[in-house]
Amino acid sequence: MVNVGVLGATGMVGQRFIQLLENHPDFEVTALAASSRSAGKRYEDATTWYMNNEMPESVKDIEVIETTPEAMDNDVDIVFSSLPADFALTVEKAYAKDYVVASNASAHRMKKNIPLVIPEVNPECLDMIDAQQKENDWDGFIVTNPNCSTIALALTLKPIVDNFNVNSVRVSTMQAVSGAGYNGVPSMAIIDNLVPYIGGEEEKMESESLYLLGKFDGSDVINADFKLSASCHRVPVIDGHTEAVFIELDDKFDIDDVADKMANFKGLPQELNLFSAPENPVIVKNENDRPQPRMDRNAGNGMAVTVGRLREDQAFDNSFKYVLVGHNTVRGAAGASILNAELINDKIL
Ligand SMILES: NC(=O)C1=CN([C@@H]2O[C@H](COP(=O)(O)OP(=O)(O)OC[C@H]3O[C@@H](n4cnc5c(N)ncnc54)[C@H](OP(=O)(O)O)[C@@H]3O)[C@@H](O)[C@H]2O)C=CC1
Ligand SMILES: N[C@@H](CC(=O)OP(=O)(O)O)C(=O)O
């Protein structure tokens with residue numbers, strides 16, 4: 001077993017890490033860190049538990065520690081980070097001197113030599129790690145996963161980009177409130193309402209998607225060269241981001257071929273049979289009224305993205321559109337970091 005720690009363990013994503021790591025065959029949670037408000041308390045006493053299942057017995061008595069590498073047990077190999085981005089910026093580097101940091105925070109995404117990875121999409125970017133360690137003289141390293149809306153979009157775009165010439169992608173999101181954290185969106189702002197702005201989200205979706213679907217030349221990532229435009233909105237859904245996607249290709253296409261490529265898409269995690277890998281990263285449904293967040297967010301234990309309403313777009317040449325649903329705190333956050341760590345554990349540690 002590999003001992004793992006969780007930074008930001010008392011938060012929304014931190015709790016999702018703990019839920020997903022319960023009974024993991026390779027990873028055992030032995031360290032939990034949070035702010036000075038929580039440090040020194042038993043995890044059960046420090047945490048208001050938001051998950052639907054019970055808090056695992058195995059973590060209740062663990063004493064929450066301060067978020068500094070000095071407080072961490074030397075037996076820990078991997079730390080999962082679900083810290084606020086501003087704090088992650090400095091502290092994740094301090095951990096990387098000695099530990100593998102699998103981060104869900106945005107602080108180090110797309111920085112030189114720090115891989116931003118979805119294992120089914122761009123696992124080759126893990127080859128940056130050597131350069132990162134040499135450059136910083138670290139024994140550990142940082143690997144990041146993308147933004148929650150980006151992950152769901154990029155998983156569905158990968159089989160399209162690999163098989164067709166994409167000219168442009170437009171996406172409009174309907175994002176769950178859990179994406180903003182428990183205290184992120186006041187109920188007075190979101191009940192009976194929709195908020196048409198999520199700070200920084202559109203920029204992240206546009207830049208991260210082109211990076212993920214680009215090419216790693218052994219040193220740098222060359223972004224994919226199609227146009228991508230995002231419009232992001234918050235809706236009164238607890239979990240599960242929905243996205244309406246509009247794609248224009250350079251050439252004529254067969255819509256059944258697009259459906260087939262998406263439904264049969266598999267990547268390295270499926271080949272390696274990693275524990276958290278869904279059998280199919282993209283599930284294509286034919287019912288007119290799917291996908292829906294309540295019904296589809298837990299597909300593949302929350303690690304699969306469900307696509308529906310795949311149809312030709314009659315208004316434009318060589319165009320089609322679809323709707324997707326992905327679980328924002330599972331595949332879009334904690335589950336993404338855990339899958340990254342499983343790949344690293346299989347390939348690097
Ligand atoms: N929710 C989502 O869907 C997604 C979230 N993310 C990212 O994950 C990160 C966490 O998000 P979320 O769980 O929603 O946030 P929360 O606010 O729910 O949790 C924040 C966690 O960080 C700890 N923390 C806050 N400030 C400090 C500090 N100064 N020092 C040490 N620990 C601190 C908190 O500890 P304490 O309880 O002691 O205050 C808590 O454990 C963010 O970077 C977010 O952008 C990314 C993708 C999706
Ligand atoms: N902004 C996302 C969640 C998030 O925190 O994203 P990021 O990890 O890119 O900061 C949402 O609101 O749904």
Side-chain angles (χ1 to χ4, degrees), residues 5-19 32-41 43-51 59 63-69 71-72 79-92 94-95 101-110 116 118 144-154 173-185 190 195-209 212 230 232-235 237-243 293 297 302 326-337:
V6 179
L7 315 181
T10 51
M12 285 285 290
V13 178
Q15 293 181 28
R16 189 65 82 185
F17 272 118
I18 287 164
Q19 183 194 51
L32 299 172
S35 78
S36 52
R37 292 180 289 276
S38 309
K41 296 181 184 164
Y43 183 71
E44 186 179 24
D45 297 334
T47 306
T48 306
W49 187 252
Y50 305 125
M51 300 293 113
V59 297
E63 184 180 317
V64 177
I65 53 175
E66 296 269 3
T67 308
T68 68
M72 190 64 79
V79 291
F80 293 106
S81 170
S82 53
L83 291 168
D86 52 352
F87 187 58
L89 192 61
T90 48
V91 85
E92 287 181 356
Y95 279 94
V101 180
S103 176
N104 177 59
S106 58
H108 294 107
R109 290 183 196 150
M110 293 189 299
L116 172 71
I118 302 174
T144 60
N145 59 254
N147 164 275
C148 41
S149 304
T150 308
I151 294 178
L153 177 66
T173 71
M174 290 143 272
Q175 299 184 210
V177 290
S178 59
Y182 193 80
N183 295 313
V185 187
I190 199 69
V195 181
Y197 175 69
I198 303 174
E201 195 79 354
E202 293 168 359
E203 294 80 359
K204 283 188 230 178
M205 282 196 85
E206 290 168 1
S207 58
E208 292 177 18
S209 300
L212 292 158
C232 296
H233 319 100
R234 187 76 70 196
V235 294
V237 165
I238 300 284
D239 286 321
H241 287 356
T242 303
E243 304 178 21
R297 61 193 167 205
H327 199 305
N328 55 304
T329 65
V330 181
R331 177 49 104 149
S337 295

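Counting starts at 1 for both ligands and their atoms, following the listed order.
Comparing heavy-atom distances from atom 8 (O) of ligand 1 across D86, N104, V177 singles out N104 as nearest. Residue G179 holds the heavy atom nearest to atom 11 (C) of ligand 2 of all those in S106, G179, C232, S178. With atom 13 (O) of ligand 1 as the reference point, the heavy atom nearest to it among V64, V13, V6 is part of V13. With distances taken over non-hydrogen atoms, the option nearest atom 39 (O) of ligand 1 out of R16, R37, E66, Q175 is R37. Closest to atom 1 (N) of ligand 2 by heavy atom, among E201, M12, E203, Q175, is E201.
Rounding to the nearest 0.5 Å places OG of S106 at 7.5 Å from CD of E208. Taking OG from S82 and CZ from R16, the interatomic distance works out to 12.0 Å, rounded to the nearest 0.5 Å. Of the inter-residue distances, the one linking M205 atom CE with C232 atom SG reads 5.5 Å to the nearest 0.5 angstrom. Here the CG atom belonging to N328 is positioned 8.0 Å from the CE atom belonging to M12, to the nearest 0.5 angstrom. A distance of 8.0 Å separates CD1 in I118 from OG1 in T150, rounded to the nearest 0.5 Å. To the nearest 0.5 Å, the span separating CE on M72 from OG1 on T67 amounts to 8.0 Å.
Shown in contact with A85 at under 4.0 Å from a heavy atom are these atoms of ligand 1, numbered in order with element: 43 (O). Close approach to R109 involves these atoms of ligand 2, each under 4.0 Å from a residue heavy atom: 7 (P), 8 (O), 9 (O). Every atom of ligand 1 is numbered from 1 in the order shown, and the set under 4.0 Å from a heavy atom of C148 is 48 (C). Ligand 1 places these atoms under 4.0 Å from at least one heavy atom of A9: 41 (O). Annotation for ligand 2: atoms under 4.0 Å from non-hydrogen atoms of K204 are 7 (P), 9 (O), 10 (O). Atoms of ligand 1 found under 4.0 Å from any heavy atom of T329 (numbered from 1 in listed order, with element): 1 (N), 2 (C), 3 (O). Residue G179 has at least one heavy-atom neighbour below 4.0 Å for each of these atoms of ligand 1: 1 (N), 2 (C), 3 (O). Within the listing of ligand 1, atoms 14 (O) sit less than 4.0 angstrom from a heavy atom of G181. Per-residue contacts place H241 under 4.0 angstrom from the following atoms of ligand 2 (heavy atoms of the residue considered): 13 (O). The N147 neighbourhood of ligand 2 comprises atoms 6 (O), 7 (P), 9 (O), with distances under 4.0 Å to a heavy atom of that residue. Atoms of ligand 2 found under 4.0 Å from any heavy atom of N104 (numbered from 1 in listed order, with element): 8 (O). The T67 neighbourhood of ligand 1 comprises atoms 31 (C), 32 (N), with distances under 4.0 Å to a heavy atom of that residue.
The backbone and the side chain of L83 each have at least one atom closer than 4.0 Å to an atom of ligand 1 (non-hydrogen atoms only). Contacts with ligand 1 closer than 4.0 Å are made by heavy atoms of both the backbone and the side chain of N328. Contact annotation: for A88 versus ligand 1, there are no heavy atoms closer than 4.0 Å. Under 4.0 angstrom from ligand 1, the non-hydrogen atoms of A333 all belong to its side chain.
Applying the 6.0 Å contact sphere to CD1 of I238 captures no more than 12 heavy atoms from other residues, nucleotides or ligands.
Of the protein's non-hydrogen atoms, R234 NH2, 2.5 Å is the one closest to atom 12 (O) of ligand 2. Ranking protein heavy atoms by distance to atom 38 (O) of ligand 1, first place goes to S38 OG, 2.4 Å. Annotation: atom 30 (N) of ligand 1 to nearest protein heavy atom, F87 CE2, 3.1 Å. Distance from atom 10 (C) of ligand 1 to its nearest protein heavy atom, with residue and atom name: S82 O, 3.1 Å. Here the heavy atom of the protein found nearest to atom 26 (N) of ligand 1 is P84 CG, 3.8 Å. The protein heavy atom nearest to atom 23 (C) of ligand 1 is G8 CA, 4.0 Å. The shortest contact between atom 15 (O) of ligand 1 and any protein heavy atom is with M12 N, 4.5 Å. For atom 34 (C) of ligand 1, the closest heavy atom belonging to the protein is T10 OG1, 3.8 Å. Closest protein heavy atom to atom 19 (O) of ligand 1: G11 CA, 3.2 Å.
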**Request:** Determine, stepwise, if the pair L89 / H108 fulfils side chain to side chain contact (heavy atoms under 4.5 Å, CB included).
**Result:** CA-CA 7 Å; L89 192 61; H108 294 107; 4.1 Å; yes

**Item:** Working for side chain to side chain contact (heavy atoms under 4.5 Å, CB included), residues C148 and E201
**Value:** CA-CA 10 Å; C148 41; E201 195 79 354; 4.3 Å; yes

**Prompt:** Hey, mind stepping through R234 and I190 against side chain to side chain contact (heavy atoms under 4.5 Å, CB included) and telling me if it holds?
**Reply:** CA-CA 8 Å; R234 187 76 70 196; I190 199 69; 3.7 Å; yes

**Asked** For V330 and R297, what are the C-alpha separation, side-chain angles and deciding distance, and is it a side chain to side chain contact (heavy atoms under 4.5 Å, CB included)?
**Response** CA-CA 9 Å; V330 181; R297 61 193 167 205; over 6 Å; no

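Although no hydrogens or angles enter the test, the distance criterion places a donor-acceptor pair under 3.5 Å between the side chain of Q15 and the main chain of T48. H233 places a side-chain N or O within donor-acceptor distance of the main-chain N or O of T173, the cut-off being under 3.5 Å. Between the side chain of S81 and the backbone N or O of N104, no donor-acceptor pair lies under 3.5 Å. Under a 3.5 Å cut-off, the side chain of Y95 and the backbone N or O of T68 do form a donor-acceptor pair. Side-chain atoms of H241 come within 3.5 Å of backbone N or O of A176 as a donor-acceptor pair. Judged by distance alone, the side chain of R331 and the main-chain N or O of A336 form no donor-acceptor pair under 3.5 Å.
For the pair E208 and ligand 2, the shortest N or O to N or O distance does not fall below 3.5 Å. Looking at ligand 2, you won't find any N or O of I198 less than 3.5 Å from one of its N or O atoms.
Residues I18 and M51 are not in side-chain contact: their nearest non-hydrogen atoms beyond the backbone lie 4.5 Å or more apart.
At a 4.0 Å cut-off, at least one heavy atom of C148 sits close enough to ligand 2 to count as contact. For S178, the heavy-atom gap to ligand 1 drops under 4.0 angstrom.
Protein heavy atoms are found less than 4.0 angstrom from atom 47 (C) of ligand 1. For atom 17 (O) of ligand 1, the nearest protein heavy atom lies 4.0 Å away or farther.
Defined by atom type and a distance below 3.5 Å, a donor-acceptor pair is present between the side-chain atoms of N145 and S337.
Classified by interplanar angle (parallel below 30°, tilted 30° to 60°, perpendicular above 60°), the ring pair Y43/W49 is perpendicular.
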